Asker: 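The following block contains the structure, expressed as structure tokens.
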There are 2 protein chains.
Amino acid sequence: MADIRDLALHLNISTGTVSRALNNRPGVNAATRARVLEAAIELGYVANQSGRSLRRGATNTIGFLIETGSAANQESGDFFFILLDALHLYLAGKGFDLMILPCHSADDPAEFLGRLVARGLVDAVVITATRRHDRRIEMLTRSTLPFLTLGRSETPGAYPWIDMDFDGVARRSVAELVAQGHRRIALALPDNDVMLGYHYRRGYEAAMADAGLTLDPALIFRNPTSEAGGFALGRQLAQARPSAVMLCSEATTVGLYAGLQREGITPGPDLSIVTFRENPQLRFLSPAPATFRVDISAIGRLIGENVIALLSPDTRPEAARAEILVPLDYLPGASICPPR
Amino acid sequence: MADIRDLALHLNISTGTVSRALNNRPGVNAATRARVLEAAIELGYVANQSGRSLRRGATNTIGFLIETGSAANQESGDFFFILLDALHLYLAGKGFDLMILPCHSADDPAEFLGRLVARGLVDAVVITATRRHDRRIEMLTRSTLPFLTLGRSETPGAYPWIDMDFDGVARRSVAELVAQGHRRIALALPDNDVMLGYHYRRGYEAAMADAGLTLDPALIFRNPTSEAGGFALGRQLAQARPSAVMLCSEATTVGLYAGLQREGITPGPDLSIVTFRENPQLRFLSPAPATFRVDISAIGRLIGENVIALLSPDTRPEAARAEILVPLDYLPGASICPPR
DNA sequence: GGCGTCATCGCAAACGTTTACGAAGGCTTG
DNA sequence: CAAGCCTTCGTAAACGTTTGCGATGACGCC
């Protein structure tokens, strides 16, 4: 309601001074500044965002791109919820807003982002669920909009990224299983080209080689990252008969437990299981699966810090180019037993 | 990049005409309009949002308030994901943007909303997880910002709402259980004052009365809406020994299955269970629980339609005041058996 | 006392868009 | 043919904010 002119009129000073006082700009008397701040709360004045954005050429808003539609739900819903909560909290402290931008997979991501950039809705954008070759990254590197990816990619260009160490998760998983005596270790992968699966597989292959185990292509499975996919995996494993299986999807794990039950296979004694990401839903499976835990809120804050660093002109460009790998902690579970 | 002035210069016409052409305003020659539209795509022109908002006094953005923090996760993450996807899709078709506004439960909701209104970030706001007495609704009824609630409330005032028919779910649940011969039917409620629990309880009480059954306060339980809460409920039920239990939380149901297993109680034969909302996670429990299904995407679209109706000046005010109760469909499950 | 410096503040021009208003010209109609 | 209307378009003033520039004193110093 209240204008900056109302405020200025009410204080008998110019709007310029009011603006400088509110924005902590130099050149305004301490007493006047105090009066302005006081009057601002009294009148309930908050700067209009459109006017400020227009003048400053910046919206103080960060976009967070979520791909919705088909293959989006690879991370369970609570992952993004926790992440967004932490990110929003951090950004709010810095005076930034957060705008979630659901990009439907049916849309052309390039066109979607093109409009986004041109409209000047956001000062920077975070993109998630990166692909090995990602058209969105291609598009953004050509534009002037700063961006940060949650997830690595092999798309050419120098851009900041934050990712979880799926490679390390796979290595540790193999190591834990091998320590128990497993040799026939199956790998469950998503059936799309999301980067997570790529790194998970690379870690698996490296760790298997380190352990002196030969890779059996018949033990590598690709299924939709869903409960149904996990259920189908149960049948496949009943055929292939590995002594252990590694998974990289929570939903798939839930489905696998049901699928194994139907096949008469007891998780743990009959088939060791290690998966991630740890969450309450998985913790109440029986036997509790061995998982990996990650501090999602920390990732949210990390994203916030680095996306702000991208925007602040005083940081050196090379310092702003984050390449951060977040580790996950191993959580033992009763789902890992020695092989029969 | 490209300005509306660039566009006008490029076409040798005035910016006013360009604006009118782009916005489908009357008073511009069809041929000129075509030329403008063509040049717009050629130069990649998209109207700057800040300038437009400032002039129009509207941002063409809908806010979606999500309460994060403690008691927020009553709905599992995928609920909001599906909802937001559908809502965003609908709004995009109407030229509106969607802004998710996480309001941390630690914040003062009134102050949060006050700033929001004053800043003019959004033209309307949708609030979720309504409480029986909701300070946010109080605040919004006093402001001029149009809003819509997902969930009913008893906060005074005439405001549009959309809600799911939890009352009907409870009635139907009781009816199904009574039809199987159950008389000692337990009720699991959330431990906070979210409206869902209130309506669920009312439906339960009414249906029990209709069936001629007396209410046993010892069979009504309040637990956190989480897996841990459901696990604890398992122990409580082992003490109280009802023949059936009704739940209104997905996470609680998952925890209950684990808790019952620990108590040596077999879901179905030993204790009938009916719960909602149906989702993949629940479908892979064994025995599959009887649940209720709701078309979440439809709710998303419904929200979109009604929030847009709130903003369009040509709709009659009384038509814009939606009070919509969305039904849920009963899905039988093996978790319902006759009592022993 | 004159001069330079500094702190403080007002003035006014932007930022990009929309829109009320008026002007010009073509057309119809009496 | 004049009057009036309609179509089409240009002009310019907003929307609310920030900020460069200049003005006004106050103060210190030679």
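Everything numeric in this text was worked out from a predicted model, so none of it was measured. The chains referred to below are lettered A, B, ... by the order of the sequence lines, with proteins before strands, and numbering in each begins at 1.
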Asker: For a quick check under 3.5 Å, do B/R35 and B/N29 share a side-chain donor-acceptor pair by atom type?
Answerer: no
Asker: Find the distance B/L121:CG to D/dT17:P and express it as a whole number of Å.
Answerer: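 That distance rounds to 13 Å.
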Asker: Out of A/N60, A/T59, A/N23, which one pairs with A/R52 under the side-chain hydrogen bond (donor to acceptor under 3.5 Å, both in side chains) rule?
Answerer: A/N23
Asker: Identify, between B/R25 and B/G51, the residue whose nearest nucleotide on DNA chain C lies closer to the 5' end.
Answerer: B/G51
Asker: Is there a side-chain contact between A/N29 and the phosphate of C/dT8, meaning an N or O under 4.0 Å from OP1 or OP2?
Answerer: yes
Asker: Rounded to whole Å, how long is the line connecting atom CD1 of B/I13 with atom P of D/dT11?
Answerer: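 So the CD1-P distance, B/I13 to D/dT11, works out to 12 Å.
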Asker: Grab the CG-P distance between B/D6 and C/dC15 for me, whole Å please.
Answerer: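 Value for this atom pair: 11 Å.
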Asker: Rounded to the Å, how far apart are A/Q49 CD and C/dC15 C1'?
Answerer: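 Going from A/Q49 (CD) to C/dC15 (C1'), I get 14 Å.
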Asker: Nearest to the side chain of B/L54 - D/dG16, D/dG10, C/dC9?
Answerer: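 Shortest atom-to-atom distance from the side chain points to D/dG16.
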Asker: Starting from C1' on D/dT11, measure out to CG on B/L9 and report it in whole angstrom.
Answerer: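 Those two atoms, CG and C1', are 16 Å apart.
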Asker: Under the side-chain contact (heavy atoms from CB on, under 4.5 Å) rule, what do B/T130 and B/D163 come out as? Steps first, then yes or no, please.
Answerer: CA-CA 10 Å; B/T130 49; B/D163 203 357; 5.6 Å; no
Asker: So, OP1 or OP2 of D/dC9: does either fall under 4.0 Å of a side-chain N or O from B/R20?
Answerer: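 No, no such contact exists.
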Asker: To the nearest Å, how far apart are A/N24 CG and D/dT19 P?
Answerer: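 Distance check: A/N24 CG to D/dT19 P gives 13 Å.
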Asker: Examine D/dT18: is either OP1 or OP2 under 4.0 Å from a nitrogen or oxygen in the side chain of A/N23? Give yes or no.
Answerer: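 For A/N23, the contact criterion (side-chain N or O under 4.0 Å from OP1 or OP2 of D/dT18) is met.
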Asker: A/T15 side chain: which of C/dT17, C/dA12, C/dA20 is closest?
Answerer: C/dA12
Asker: Which nucleotide wins on minimum distance to the side chain of A/S14, given the candidates C/dG10, C/dC9, D/dC9?
Answerer: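 The answer is C/dG10, which lies nearest to the side chain.
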Asker: Is a salt bridge present between A/K94 and A/E305, judged by a nitrogen-to-oxygen distance below 4.0 Å?
Answerer: no
Asker: Which one, D/dC9, D/dT17, D/dC21, comes nearest to the side chain of A/R52?
Answerer: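 Closest of the options to the side chain of A/R52: D/dT17.
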Asker: Does a donor on one side chain and an acceptor on the other come within less than 3.5 Å for B/E138 and B/H133?
Answerer: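 Side-chain D/A pair, B/E138 to B/H133: present.
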Asker: Assign B/G57 to base, sugar-phosphate, or nothing according to its heavy-atom contacts below 4.0 angstrom with the strands shown.
Answerer: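 Result for B/G57 = nothing.
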Asker: Nearest-nucleotide wise, let me know which of B/R56 and B/R33 is further upstream toward the 5' end of DNA chain D.
Answerer: B/R33
Asker: Where the side chain of B/R55 is defined as all heavy atoms beyond and including C-beta, which of D/dT17, C/dG10, D/dA14 is the nearest nucleotide?
Answerer: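 Ranking D/dT17, C/dG10, D/dA14 by closest atom to the B/R55 side chain puts D/dA14 first.
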Asker: Counting only side-chain nitrogens and oxygens, does B/S19 get under 4.0 Å of the OP1 or OP2 atom of C/dT18?
Answerer: yes
Asker: Can you tell if the side chain of B/W161 reaches within under 4.5 Å of the side chain of B/L325, non-hydrogen atoms only?
Answerer: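 They are in contact (side-chain heavy atoms under 4.5 Å apart), so the answer is yes.
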Asker: Send over the distance from A/R119 CZ to C/dT17 C1', rounded to a whole Å.
Answerer: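 These atoms are roughly 14 Å apart.
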Asker: Are OP1 or OP2 of C/dC9 and a side-chain N or O of A/T32 less than 4.0 angstrom apart?
Answerer: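 Checking A/T32 against C/dC9: at least one side-chain N or O falls below 4.0 Å of OP1 or OP2.
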Asker: Please report the distance, rounded to the nearest Å, between CG in A/L11 and P in C/dC9.
Answerer: 11 Å
